[in-house]
Amino acid sequence: MNIKKLQFIILFLFLPILSIAQDHNCGTHQPNFTGKNMNKFQLHQIQELELFTQKWIAKNKNKASIREIITIPVVVHIVWNTPADNFTDLEIEAQIDALTADFRKMNENTTSIPASFQSLAADVEIEFCLATVYEGKETNGIVRKETSLTGIGNLYHSDNRRRICYDDLGGSSAWEPEDYINIWVGQLGLLGEATFPGMADTKYEDGVFIDPSAFGFFCSSSSNYVLGRTLTHEMGHFFNLYHIWGENGCTIDDLVMDTPMQNVSSSGCPLHPQVSCGSDDMFMNFMDYTDDRCMAMFTKGQKMRMLAALDTFPRESLKISDGCARSIIKNITLTPDDILLFPNPATDCIHIDLDLENDLPIRMAIYDTKGREIYSNHIFAKDLRTFNISNISNGIYFIYFESNGQVASKKLIIDK
Ligand code: ARG
Ligand code: ZN
Ligand code: CA
């Protein structure tokens, strides 16, 4: 019997006893096949969703290469209780750009993917943008609410509404979930949580929840969770991905064909190879539990599941949302004034923001004073990006941007 058939049968044997699980650092209610806690409605939902997903994948498996990039508007609700829970606009932009980088296989650590997994790593071809339009008005896609409630992320009103999702309950109300992915940042007591497609009690509580301790991209922090990957992981759940180990043991995995069967979750930053269930663990997958710096990939199989999820309500209409519409094309030529580079002098990371409102890819390169190329990468004009430069030594450099035949450069000083 081939593997695909086997998986299909496993799937249908176990679907009737799917349940909801929660564990210490993952708040996401992952249906985990153990047979407790799921109400009839949710059970039905998840079965329908899996049927749909498997059919969608079977139908689309040969079309993987002809897709267009999907750009999805997001709104970030910062529901802060202590000042430490608040974030600057730039920090929020950097987090959303890091999320896009992970989904576009443009993350800084793709080279850490072991050779045997390299060919499985996927450009998911989904990008995320902070909303620019809301109810016909310009916005930066960020809502800030101060709340007096500690641990608001896990508080529910007596009518069962989740407080963080409503203005009148001390939180911040969802923007239309058909047009925006709602990302709530507030005290959760765990790193993050997300709703699976169709599993939220109401669409106004559909979205992603991130604890302030695990939000943002801060390349010089000592925390294990601040390279933005809790959001990447939760976005995986939001698009119907399960944890890579499925449930503990070597019989049921994540319903993805190209991820290896894995016994238990991984943690910390293991060295490859780690073997379980007779194969190397893909502990560097975004859907494992390793530290942010060691997570590096989604697989092509996970990509298919996510694209299938994007054909379900209320995810489907996200693809055609104009929440990131650009009303005015501001600037199409590149000049040094359009380059925001900080900090400069820099120590271990630089943030780059180009005030250039086109969607063309831009080559970026750092040269030393002798004209030797030290670093190069591709970015998109509309993205703010953070680059780790900790292994470039002190000195004066020139950072070049080249797009569509135009070049602009700036001096960069590295001084640790
Ligand atoms: N455990 C959390 C969850 O499953 C998130 C884990 C994120 N891991 C990380 N390195 N950021 O929802
Ligand atoms: Zn998770
Ligand atoms: Ca698998």
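Numbering of ligands and ligand atoms starts at 1, following listing order. Predicted, not measured: the structure shown is a model, and the values here were computed from it.
Polar contact check, Glu234 against ligand 1: a nitrogen or oxygen pair lies under 3.5 Å apart. Residue His243 places at least one N or O, backbone or side chain, under 3.5 Å from an N or O of ligand 1. When only interatomic distances are considered, the shortest N/O to N/O separation between Asn224 and ligand 1 does not fall below 3.5 Å. Checked by distance only, ligand 1 and Asp291 stay at 3.5 Å or farther apart across all their nitrogen or oxygen atoms. At under 3.5 Å, a nitrogen or oxygen of Asp292, whether backbone or side chain, sits near a nitrogen or oxygen of ligand 1.
With respect to the Zn ion (ligand 2), His233 has NE2 as its nearest N, O or S atom. Closest N/O/S atom of His237 to the Zn ion (ligand 2): NE2. Nearest N/O/S atom of His243 with respect to the Zn ion (ligand 2) is recorded as NE2. Taking the Ca ion (ligand 3) as reference, the nearest N/O/S atom within Asp254 carries the name OD1. Distances from the Ca ion (ligand 3) to the N/O/S atoms of Asp253 are shortest for OD2.
With the Ca ion (ligand 3) as the vertex, OG1 of Thr259 and O of Val256 span 80° to the nearest 10°.
When the side-chain contact (heavy atoms from CB on, under 4.5 Å) test is applied to Glu205, the partners found at least two apart in sequence or on another chain are Arg161, Arg162, Cys165, Tyr166, Asp201, Thr202.
For Phe286 and Phe298, the distance between ring centers is under 6.0 angstrom.
Close to ligand 1: Gly192, with a non-hydrogen atom less than 4.0 angstrom away.
The pair Arg144-Asp85 does not count as a salt bridge, with every side-chain nitrogen at least 4.0 angstrom from each carboxylate oxygen. Residues Glu108 and Arg229 are paired through a salt bridge, judged by an N-O separation under 4.0 Å between the basic side chain and the carboxylate.
Residue pairs meeting the side chain to side chain donor-acceptor pair (under 3.5 Å) criterion with at least one partner in residues 265-275, sequence neighbours excluded, are Gln262-Ser266, Ser266-Asp288.
Contact annotation: for Thr290 versus ligand 1, heavy atoms closer than 4.0 Å belong to the backbone alone.
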